[in-house]
Enquirer: 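Okay, handing you the structure first.
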Amino acid sequence: MIRVTEAAAVSAARWSGRGDKNAADGAAVDAMRFVLGAVAMDGVVVIGEGEKDQAPMLYNGERIGDGHPPEVDIAVDPVDGTSLTASGRNGALSVIALAERGSMFNPGPCVYMMKVAVGPRGRGAVDVNASATDNLKELSKRLKKPIQELGVVVLDRPRHDDLVLEIREAGARVLSITDGDVAGAIATGWPNSGADMLLGIGGTPEGVIAAAALQGLGGEIQGVLHARSPEEQKAAEALGYDFSRVLTTDDLVASDNCFFSATAITDGDFLRGVRFTEFGATTQSLVVRSRSGTVRTIETFHRHDKLQEFTTGL
């Protein structure tokens with residue numbers, strides 16, 4: 001799996017700072033799909049780049065791999081942080097998650113959900129239906145850390161203006177991000193990242209991917225589906241989606257044997273972005289397996305001539 005995210009990250013990094021987020025995403029999708037096709041698995045893309053008629057590569061429901069066991073669900077985000085990549089800002093990742101077939105929550109038409117995520121020490125201390133103030137108080141007690149020292153990751157969106165105000169009035173620090181809430185959720189489970197909690201409305205697909213990572217990191221994520229309009233909610237409810245249900249980490253990824261891999265495209269809190277050298281490129285990646293509880297950081301040196309075998313655009 002690390003080869004998959006490495007290929008996507010290197011391809012996307014060629015577009016870093018060039019102002020074209022669609023080109024960066026397209027390059028990452030092409031590279032990721034190419035490498036995935038050679039993996040020994042019978043995979044179904046549960047979370048991909050859209051429906052088949054909108055995205056010809058890594059679309060939802062696509063079969064991927066060489067067709068041999070194991071049977072797995074796959075969630076991909078070739079570029080978590082397309083705007084970050086396009087502008088050359090920190091925090092962009094290429095990510096993939098795998099779990100046993102039928103274990104991943106399928107968001108269907110539910111694009112957004114209200115989320116709260118914490119690391120291992122904060123597990124069990126937060127409630128997505130509680131106020132930000134109450135969650136901060138409980139997390140402060142659990143971590144034995146003053147609220148004034150807590151860092152809360154929040155997407156910089158107008159919809160979060162009141163949430164940001166409440167967090168600040170409670171005394172905590174807001175760690176504002178413009179994009180990439182998978183990385184934000186992972187940061188809560190990463191030592192010395194400065195992030196203690198992620199809070200706010202973000203992507204449902206990204207929530208599933210983050211759940212796979214937090215299963216291995218020992219953290220927790222909770223979510224409640226959020227509709228952008230009454231019409232959207234009504235249509236989703238007709239398909240069986242419940243907007244009052246709290247989706248736990250185990251609901252989002254109901255497997256004790258899931259895998260997560262992330263490779264940094266640009267520099268972040270816990271991984272260094274792609275570096276191009278006269279010899280090729282270097283990448284840094286995070287690989288997590290929930291069953292074994294192992295978390296690995298891997299630095300890879302890619303020879304320039306070999307990059308052509310799994311990336312495009314040279």
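Just so you know, these numbers come straight off a predicted model, no measurement behind them. We count residues from 1, following the sequence as given.
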Enquirer: Taking Arg123 for the side chain and Gly219 for the main chain, is one N or O donor matched with an acceptor at less than 3.5 Å?
Expert: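 A pair under 3.5 Å: yes.
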Enquirer: Looking at Lys234 and Glu231, is any side-chain nitrogen of the basic one under 4.0 Å from a carboxylate oxygen of the acidic one?
Expert: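 Salt bridge absent between Glu231 and Lys234.
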Enquirer: Hey, could you give me the CD/CG distance between Gln222 and Leu252, rounded to the nearest 0.5 Å?
Expert: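 That separation rounds to 10.0 Å.
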Enquirer: Looking just at side-chain N and O atoms, do His302 and Thr283 make a donor-acceptor pair shorter than 3.5 Å?
Expert: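 There is such a pair (donor and acceptor under 3.5 Å, judged by atom type) between the side chains of His302 and Thr283.
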Enquirer: Mark yes or no for whether Arg18, through its side chain, and Arg14, through its backbone, hold a donor-acceptor pair below 3.5 Å.
Expert: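 Confirmed, Arg18 side chain pairs with Arg14 backbone.
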Enquirer: Could you pull out all residues at least two apart from Asp256 that satisfy salt bridge (Lys or Arg N to Asp or Glu O under 4.0 Å)?
Expert: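 Counting only residues at least two positions away or on another chain, Asp256 forms a salt bridge (Lys or Arg N to Asp or Glu O under 4.0 Å) with Arg291.
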Enquirer: Enter the distance from Arg101:CZ to Asp73:CG here, rounded to the nearest 0.5 Å.
Expert: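 Going from CZ on Arg101 over to CG on Asp73, the span is 6.5 Å.
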Enquirer: Distance from Thr82 atom OG1 to Trp15 atom CH2, nearest 0.5 Å?
Expert: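 Output value for this atom pair is 14.0 Å.
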Enquirer: Using side-chain hydrogen bond (donor to acceptor under 3.5 Å, both in side chains) as the criterion, list what pairs up with Thr297, not counting sequence neighbours.
Expert: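 Once residues adjacent in sequence are excluded, Thr297 has no partner under the side-chain hydrogen bond (donor to acceptor under 3.5 Å, both in side chains) criterion.
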Enquirer: Taking transitive links into account, so neighbours of neighbours count too, which hydrophobic residues share a cluster with Leu155 at under 4.5 Å side-chain distance?
Expert: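 Val153, Leu175, Ile177, Leu198, all in the cluster of Leu155.
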Enquirer: Could you pull out the closest heavy-atom pair between Leu150 and Lys145, with the gap in Å?
Expert: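 Leu150 and Lys145 have their closest heavy atoms at CD2-CD, 3.8 Å.
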Enquirer: If hydrophobic residues (ILVMFWY) are linked whenever their side-chain heavy atoms come closer than 4.5 Å, directly or via other members, who joins Ile265 in its cluster?
Expert: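 Val79, which link up through side-chain heavy atoms under 4.5 Å apart, make up the rest of the cluster.
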Enquirer: Keeping Glu166 on the side-chain end and Thr133 on the backbone end, is there a donor-acceptor pair under 3.5 Å?
Expert: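 Indeed, once roles are kept as given, a pair shorter than 3.5 Å links the two residues.
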Enquirer: Tell me which pairs pass ring pair (Phe, Tyr, Trp, His ring centres under 6.0 Å) where either residue lies in residues 151-177, with sequence neighbours left out.
Expert: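 Matches after skipping sequence neighbours: none remain.
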Enquirer: Hey, could you give me the CG/OG1 distance between Leu217 and Thr249, rounded to the nearest 0.5 Å?
Expert: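 The OG1 atom of Thr249 is 11.0 Å from CG of Leu217, to the nearest 0.5 Å.
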Enquirer: Is it the case that over 12 heavy atoms from other parts of the model lie below 6.0 angstrom from the CZ atom of Phe243?
Expert: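 Atom CZ in Phe243 is crowded, with more than 12 foreign heavy atoms closer than 6.0 Å.
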Enquirer: Is it true that the side chains of Ser103 and Ser255 contain a donor and an acceptor less than 3.5 Å apart?
Expert: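 No, Ser255 and Ser103 have no side-chain donor paired with an acceptor closer than 3.5 Å.
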Enquirer: Quick one: salt bridge (Lys or Arg N to Asp or Glu O under 4.0 Å) partners of Arg272, sequence neighbours excluded?
Expert: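 Scan of Arg272 (salt bridge (Lys or Arg N to Asp or Glu O under 4.0 Å), adjacent residues dropped) gives Glu299.
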Enquirer: Could you check whether any side-chain N or O of Asp66 sits under 3.5 Å from a backbone N or O of Met41, counting only pairs where one atom can act as donor and the other as acceptor?
Expert: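 Between the backbone of Met41 and the side chain of Asp66 there is a qualifying donor-acceptor contact (under 3.5 Å).
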Enquirer: Looking only at heavy atoms, which two atoms of Thr5 and Ser261 are closest? And how far apart?
Expert: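 It is OG1-OG, 2.9 Å.
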Enquirer: Suppose we screen for ring pair (Phe, Tyr, Trp, His ring centres under 6.0 Å). Which residues come up paired with Phe270, at least two apart in sequence or across chains?
Expert: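 Once residues adjacent in sequence are excluded, the partners of Phe270 under the ring pair (Phe, Tyr, Trp, His ring centres under 6.0 Å) criterion are Trp190.
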Enquirer: I need the minimum non-hydrogen distance between Glu220 and Leu214, along with the two atoms involved.
Expert: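 Here Glu220 and Leu214 meet closest at O-CD1, 3.8 Å.
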Enquirer: Under the side-chain hydrogen bond (donor to acceptor under 3.5 Å, both in side chains) test, which residues partner Thr178, sequence neighbours left out?
Expert: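 Partners of Thr178 under the side-chain hydrogen bond (donor to acceptor under 3.5 Å, both in side chains) test: Arg89.
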Enquirer: Charged N to carboxylate O below 4.0 Å: is that the case for Asp196 and Arg142?
Expert: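 Between Arg142 and Asp196 there is no salt bridge, as every charged N stays at least 4.0 Å from the carboxylate O atoms.
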Enquirer: Hey, does the side chain of Arg173 reach the backbone of Glu149 with a donor-acceptor pair shorter than 3.5 angstrom?
Expert: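 At least one qualifying donor-acceptor pair exists.
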Enquirer: Can you list the residues that meet the salt bridge (Lys or Arg N to Asp or Glu O under 4.0 Å) rule with Glu100, with sequence neighbours excluded?
Expert: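 Not a single residue meets the salt bridge (Lys or Arg N to Asp or Glu O under 4.0 Å) criterion with Glu100.
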Enquirer: Considering residues at least two apart in sequence or located in another chain, which fulfil the salt bridge (Lys or Arg N to Asp or Glu O under 4.0 Å) criterion with Arg159?
Expert: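 Salt bridge (Lys or Arg N to Asp or Glu O under 4.0 Å) check on Arg159 returns nothing, list empty.
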Enquirer: Could you list the cluster mates of Leu84? Members are the ILVMFWY residues connected by side-chain heavy atoms closer than 4.5 Å, either directly or through other members.
Expert: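 Grouped by the 4.5 Å side-chain rule, Leu84 forms a cluster of one, so the answer is none.
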Enquirer: Going by the rule side-chain hydrogen bond (donor to acceptor under 3.5 Å, both in side chains), which residues pair with Asp181 if we only count those two or more places apart in sequence or in a different chain?
Expert: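 Checked Asp181 against side-chain hydrogen bond (donor to acceptor under 3.5 Å, both in side chains); matches are Lys115.
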